[in-house]
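For reference, the structure discussed in these notes is given below.
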Amino acid sequence: MARWRPCRDHVRVRWAAGSPGTSWADLDKSPVTCAFRPPEPGPADAEHPKIPAFFRVETKMHPYRSHTCGELTKTHVGETVRLSGWVHRKRDHGGLLFIDLRDHYGLTQLVFDPDMGEAFKVAEQVRTESVLRIDGPVVARTEDAANTNLSTGAIEVQVKDATVLSAAQELPLPVFGEQEYPEETRLRYRFLDLRREGMHKRIVLRSHLIRAMRNSMEGQGFLDYQTPILTASSPEGARDFLVPSRLHPGKFYALPQAPQQFKQLTMVAGFDRYYQIAACFRDEDARADRSAGEFYQLDVEMSFVEQEEVFNVMEQLAADTFGAFSGKMDIPRVADKPPFVRIPYKTSMLKYGNDKPDLRNPIEIVDITEFFTPDEVSFKAFKNVIAQGGIVRGIPAPGAGSRPRSFFDKLNDWARKDQGAAGLGYIIFEEVDGALSGKGPIAKFFPAAVLTAMAEKAGVKVGDALFFACDKEAPAANLAGLARTRIGTTLELIEKDVFRFCWITDYPIYEFNETEGRIDFSHNPFSMPVGGLEALETQDPLDVMGQQYDLVCNGYELGSGAIRNADPDCMLKAFEIAGHAPEDTEKNFAGMINAFRLGAPPHGGIALGVDRIVMLLADQANIREVTMYPMNQQAEDLLMGAPSQPANHQLRELHLRHIPPPEKK
RNA sequence: GGGGGUGUAGCUCAGCUGGUUAGAGCGCUGGCCUGUCACGCCAGAGGCCGCGGGUUCGAGUCCCGUCACUCCCGCCA
């Protein structure tokens, strides 16, 4: 719904009134959704108490428009209007010519009659995507000429006067239509791509979503505080983007990978509840769901809290965003209601093969190592792996029994060729003479009793299949997880039009790095270990849990957070276990450690990936579809030409000299 | 750094086991058309078949290399 404010003459202002946001469905119903929201009227505005001064307009004709291209209806018939917009589409009948004029708000059909002389000539010559201003009366269309697909389809404007405000040359990329185009072209001409309906709508959705996030956070007592962009490099984490210092030769700033330390310092500074839509910069390679170089997080931190309170705030945020925006065009989508399922990390790795499970997929992996070890089971291939510390994970494939042999062969090929695994064994369960029986290349190695027990543990029935992933624990779990996704997708078991959330909890604080042969932080180095300093001093580090958690939706990691380690001694010890000498930690995190020695509240928080949330709500698999000006996979901005070579004088000022990389042979 | 896919007209794509002059739709140019909304009809222009090398009587097609884009692995506290 939209509200109107009375206003003089030709200018009207309309804005979306839905709070906290407007759904896709609302956007569709109401293409006139103003990009800005007027401020509340102030008492000083005496003459027009309801109209903010900002919107008061002189009575003379506006130079560009009296209405937008999305708002004219039958009620305007008879009015003379002025419209400006882009020539979306032209239909030239020789003696009669139609133009669909487009702006942010919608489309209006213009009619040009040869009797109009000049205006008709302008229309004949104007090319699509030129910017046009017209004047003329609104006339009703006859019933059979009306276009019900258009909000303005009941009327058209009979053009009396037309001016080309900006002529467009031949287009490298058509705006009209839904055809797909090479991404390189789209990025080079991003401003044209953004004119197209789908992109335009997604960017508006993104804006509404961010407003809803802010509303939700403010409503829950959080305040937005800005943190620096030019900051110090941090030894942990991703590769930094460095910015040379002019005043300090040889020294560099780093762009923040996240405002992690600043938000913790903000808690020490007593601000209690912080949030920010924060730009984060990491010099790592891009993926479909990961932008090159930079991305945005809803960054959150709170004082005097435990894990549950962070969850509560985020679940409310999810309800205010996913709840409010879950409608997609005319398809209703359902978002899980709080509280979300909590899944310990270990359970997730077992049942789903990763720590970002897609709970729309009903398949659950089980450990079935025990069925491969008895003497009466003669399947040597797996026995050998198990003898060397391997395990077997079973992936049920409900209803796969009726699939052709090629279904099983394809999965096997995929496991071997794409995943570099030894393969995926399988057994198809069927009924023979009233008893459960196994079919497939390896079924013959299992006595009936073992098959029955295995089927029971895996929850598979007659007509189902069970796949096996056998390897050391980590690769077996990983392969099982990938197979789970693949099988669920192929068998069309994935729920549609739902958002399934969960919290992954109880992460181990460390993990063993096989290649480097050392202990690394597994999650976030600033997390409080369960049991604190004592746990670090008395337990095997690999057994210590961290108070850290991820928020997951439909297989995407939306965000990650922790209750922080705000005890200096515990922090030094935690870093020491991960191979950082206390004096290094003191130096690298001097600001924060000192802060913790001067009165730090217990605190914790989380950061959510804004871009990924928009991806989910806009139903897109590629993050660049919801980003206005993204870089390509090689981290180049094709529109602005970044990165670019600096001028010599710039380098001199920064005390830098370019050393080209060695030539490749 | 590694693996996969793609690359033919401005754009989307077809082009078979190698074989005459490389096609279609959209767009563009010109002409016709007074109710279209993907308007219609007629005509035309437009191609280093990503680039380099090779095999062959002959390469868009086969082989080798290379570049670009993209997806994935590594990486992303």
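Lettering of chains follows the sequences in order, A, B, ..., and the numbering in each one begins at 1.
Note on A:Arg127: only backbone sugar-phosphate atoms sit closer than 4.0 angstrom, heavy atoms only; bases stay farther off. At a threshold of 4.0 angstrom between heavy atoms, the contacts of A:Glu180 are confined to the sugar-phosphate backbone, with no base atom among them. Among the atoms of the strands shown, only primed sugar atoms or phosphate atoms (P, OP1, OP2) are found under 4.0 Å from some heavy atom of A:Tyr181. Residue-level contact check: A:Pro172 touches the backbone only, with heavy atoms under 4.0 Å from sugar-phosphate atoms and none from bases. Across all strands, A:Asp289 comes closer than 4.0 Å to no nucleic acid atom at all (heavy-atom distances).
Using atom C1' as the reference point in both B:U12 and B:U21, the two lie 25 Å apart (nearest Å). Across the C1' atoms, B:G47 and B:G4 are found 29 Å apart, a figure rounded to whole Å. Atom C1' of B:A9 sits at a distance of 15 Å from the matching atom of B:U29, rounded to the whole Å. Taking atom C1' in both B:U20 and B:C63, the straight-line distance is 25 Å, to the nearest Å. Taking the C1' atom of each, B:C75 and B:C13 are spaced 36 Å apart, rounded to whole Å. A gap of 15 Å separates the C1' atoms of B:G18 and B:C49, to the nearest Å. One C1' atom belongs to B:U8, the other to B:G25, and the distance between them is 15 Å to the nearest Å. Between B:U61 and B:U55, the distance separating the two C1' atoms is 14 Å to the nearest Å.
Using a 4.0 Å cut-off between charged nitrogen and carboxylate oxygen, A:Asp100 and A:Arg89 do not count as a salt-bridge pair.
Shown here, B:A45 forms no base pair; nothing in the strands shown gives a Watson-Crick or G-U wobble contact with both key distances under 3.5 Å. Pairing for B:C76 is absent, with no Watson-Crick or G-U wobble pair whose two atom distances lie under 3.5 Å. Across all strands shown, B:C33 forms no Watson-Crick or G-U wobble pair with both distances under 3.5 Å. Applying the Watson-Crick and G-U wobble criteria (two distances, each under 3.5 Å), B:A68 pairs with B:U6.
For A:Glu129, the side chain to side chain donor-acceptor pair (under 3.5 Å) partners two or more places apart in sequence, or in a different chain, are A:Arg102, A:Arg195. Remark: A:Arg290 pairs with no residue by the side chain to side chain donor-acceptor pair (under 3.5 Å) rule, at least two apart or across chains. Partners of A:Arg127 according to the salt bridge (Lys or Arg N to Asp or Glu O under 4.0 Å) rule, which considers only residues two or more places apart in sequence or in another chain, do not exist here. Remark: A:Gln260 engages A:Gln264 in a side chain to side chain donor-acceptor pair (under 3.5 Å) (not counting sequence neighbours). Residues forming a side chain to side chain donor-acceptor pair (under 3.5 Å) with A:Asn632 (at least two apart in sequence, or on another chain): A:Glu636. In this structure A:Phe521 satisfies the ring-ring contact (aromatic ring centres under 6.0 Å, His included) test together with A:Tyr510, A:Phe575, sequence neighbours excluded. Checked against ring-ring contact (aromatic ring centres under 6.0 Å, His included), A:Phe526 has the following partners two or more places apart in sequence or in another chain: A:Phe589. Residues satisfying the salt bridge (Lys or Arg N to Asp or Glu O under 4.0 Å) test with A:Glu576, not counting sequence neighbours, are none. Under the ring-ring contact (aromatic ring centres under 6.0 Å, His included) criterion, A:Tyr253 pairs with no residue at all, not counting sequence neighbours.
Regarding A:Glu178, its CD atom lies at a distance of 22 Å from the P atom of B:G25, rounded to whole Å. Rounded to an integer number of Å, the gap from CZ of A:Phe295 to C1' of B:C75 is 14 Å. B:G10 atom C1' lies 17 Å from atom CZ of A:Arg186, rounded to whole Å. Atoms CD (A:Glu129) and P (B:C28) sit 11 Å apart, rounded to a whole Å. Atom CZ of A:Phe281 and atom C1' of B:C76 are 16 Å apart (whole Å).
On a pure distance criterion of 3.5 Å, a polar donor-acceptor pair joins the side chain of A:Arg290 and the base of B:C75. A:Gln179 contributes no side-chain N or O that forms a donor-acceptor pair with the base of B:G27 under 3.5 Å.
Taking the centre and axis of the six-membered ring of A:Tyr556, the NZ or CZ atom of A:Arg612 falls outside the cone set by 45° and 6.0 Å.
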Short heteroatom pairs, N/O only, protein and nucleotides 37-43 of chain B, under 3.5 Å:
{"residue": "B:C37", "atom": "O4'", "partner": "A:Arg91", "partner atom": "NE", "Å": "3.0"}
{"residue": "B:C37", "atom": "O2", "partner": "A:Gln109", "partner atom": "OE1", "Å": "3.3"}
{"residue": "B:C37", "atom": "O2", "partner": "A:Asn147", "partner atom": "ND2", "Å": "3.1"}
{"residue": "B:C37", "atom": "N3", "partner": "A:Arg141", "partner atom": "NH1", "Å": "2.8"}
{"residue": "B:C37", "atom": "N4", "partner": "A:Ala145", "partner atom": "O", "Å": "2.4"}
{"residue": "B:A38", "atom": "O3'", "partner": "A:Arg89", "partner atom": "NE", "Å": "3.4"}
{"residue": "B:A38", "atom": "O3'", "partner": "A:Arg89", "partner atom": "NH2", "Å": "3.1"}
{"residue": "B:C39", "atom": "OP1", "partner": "A:Arg89", "partner atom": "NE", "Å": "2.6"}
{"residue": "B:C39", "atom": "OP1", "partner": "A:Arg89", "partner atom": "NH2", "Å": "2.6"}
{"residue": "B:C39", "atom": "OP2", "partner": "A:Arg89", "partner atom": "NE", "Å": "3.1"}
{"residue": "B:C39", "atom": "OP2", "partner": "A:Arg91", "partner atom": "NH1", "Å": "3.3"}
{"residue": "B:C39", "atom": "N4", "partner": "A:Asp92", "partner atom": "O", "Å": "2.2"}

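Interatomic distance, NE2 of A:His88 versus OG1 of A:Thr108, reported as 12.0 Å (0.5 Å rounding).
No donor-acceptor contact under 3.5 angstrom links the side chains of A:Gln307 and A:Thr505, judged on distance only.
Using a 4.0 Å cutoff on non-hydrogen atoms, the parts of residues 624-644 of chain A near RNA chain B are A:Arg624, A:Asn632, A:Gln633, A:Gln634, A:Glu636, ordered by number. The stretch residues 548-574 of chain A has no heavy atom under 4.0 angstrom from RNA chain B at all.
Comparing A:Thr185 and A:Val111 against RNA chain B, the residue whose closest nucleotide sits nearer the 5' end is A:Thr185.
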